[in-house]
Amino acid sequence: MRIGYPCINQSLECRVGRTFRLASYSEERLIETVSRNLDCLEEILAYNVEHGMLFFRIASDIVPFASHPVNEFDWQEHFRERFEKVGSYIRSNGFRISMHPDQFNVLNSPKQDVVERTFAELIYQCEVLDLMKLDSTAKLQIHLGGAYGDKGSGIKRFARRYERLDERLKQRLVVENDDKSYTVEDCMELHEICGIPVLYDHFHHICNGGGEPTDQMLHLISDTWVQADGDPMVDYSSQLAGGKKGQHTESIDLDDFSAFLQATEGIDFDVMLEIKDKQASALKAIEAARSDPRFSG
DNA sequence: GCCGGTCAAGGTCTT
DNA sequence: AAGACCTTGACCGGC
């Protein structure tokens, strides 16, 4: 079990997803920004090695506007060696890596242009992981998409588009239950059709699930990950006290996290802490997990 | 310098 | 048909 946090380390000055506005796009600016993002990624990874946090999510905009038509620059070639160098560091330290195309990426949209943009974004994010020479245990996690009043059709549409993806991309893509529409059960239905692994988001399951116990859900989704996929990835958060339903907590609730570890005893997975204070909570979680025989860091 | 309106992108719900 | 909200950090123009 590796423990990690997404994208940002607040105790370091740098930001790995630094970007800029479309209106101020220039090739020069792009090169400068990607270069700084890669510097920062190296800095964060070194911090994470030092602190035993071996699961990390790379920000989607590590290469700003990578899948946008404005960007005609061959960033893949220009930064090839730098990506290789970071990838080599990742591999030699035993990191697990994910990326998470965000809400605008809707593979099951009825709109063809939306689907095309989603394909382009998925290809870009896959290229980042490929350039780092990471194997198929490095994943892209995406939500099932819009419900459009008929989830059954939405699931089938996702499956059809999934089949059209390049094999390389199919080996990286996993589907995650969301907090509003598609439950773990829905994701399992999609898995039955096209074989895509299911990433369990614990908090989303609490918000939008059938009340099934955690261990039951984990046993269910574990079988959707084959050896080449690595251990299942799991997202963990909890409710912000006094906040709207679905809002992520500011800082980890260690009682809740310990209960989560206990409820999942004996099941292998890597866990991503989607908590606002990022590495601060990850550090606390690691202390709580040190006595767990599954923990590696 | 500092403040805060605004930012590529979709979906869903309200009016 | 159009607009607000979701959710988030930080860019960047205006002061």
Rounded distance in Å - CG (A:Asp61) to P (B:dC7) = 17 Å
Taking the six-membered ring for Trp, are A:Phe257 and A:Tyr236 ring centroids under 6.0 Å apart?
-> yes
Do A:Glu121 and A:Ser67 get their side chains close enough for a donor-acceptor pair, meaning under 3.5 Å?
-> yes
Which class fits the ring pair A:Tyr25 and A:Phe20: parallel under 30°, tilted 30 to 60°, perpendicular over 60°?
-> tilted
Give the rounded distance in Å between these two atoms: CD of A:Glu274 and P of C:dG9.
-> 13 Å
Indicate whether any N or O donor in one side chain lies under 3.5 Å from an N or O acceptor in the other, for A:Asp186 and A:Thr183.
-> yes
May I ask you to evaluate whether A:Ser109 reaches the phosphate of B:dG11, defined as a side-chain N or O under 4.0 Å from OP1 or OP2?
-> yes
Full working for side chain to side chain donor-acceptor pair (under 3.5 Å) between A:Arg161 and A:Thr118 | CA-CA 10 Å; A:Arg161 271 113 195 215; A:Thr118 302; over 6 Å; no
Can A:Phe104 be called stacked on B:dG10 when the rule is centres closer than 5.5 Å and an angle between planes below 30°?
-> no
Checking N1-N3 plus N6-O4 or O6-N4 for Watson-Crick, or N1-O2 and O6-N3 for wobble, each under 3.5 Å, the partner of C:dA4 is B:dT12
Whole-Å distance separating the CZ atom of A:Phe65 from the P atom of C:dC11 | 12 Å
So, is A:Arg29 near the phosphate of C:dC11, with a side-chain N or O under 4.0 Å from OP1 or OP2?
-> no
State whether A:Arg18 places a side-chain N or O below 4.0 Å from either non-bridging phosphate oxygen (OP1 or OP2) of C:dC11.
-> yes
Roughly how many Å is it from OH in A:Tyr124 to C1' in B:dA9, rounded to a whole number?
-> 14 Å
Is A:Tyr148 touching bases, backbone alone, or none of the nucleic acid, heavy atoms closer than 4.0 Å?
-> sugar-phosphate
For the side chain of A:His248, starting at C-beta, report the closest nucleotide among C:dT7, B:dA9, C:dT8.
-> C:dT8
Indicate whether OP1 or OP2 belonging to C:dA10 is found under 4.0 Å from a side-chain N or O atom of A:Arg15.
-> yes
Considering Watson-Crick and G-U wobble pairs with both distances under 3.5 Å, what does C:dC15 pair with?
-> B:dG1
When rounded to the nearest Å, what value does the distance between C1' atoms of C:dC6 and B:dC3 take?
-> 24 Å
Hey, does the side chain of A:Lys276 come within less than 4.0 Å of C:dT7's phosphate (OP1/OP2), counting only N and O?
-> no
Among B:dA8, C:dG9, B:dG10, the one nearest A:Leu22 by side-chain distance | B:dA8
Figure out the CZ/P separation between A:Arg157 and B:dG11, and round it to whole Å.
-> 10 Å
Presence of A:Thr19 side-chain N/O under 4.0 Å of C:dC11 phosphate oxygens OP1/OP2 = no
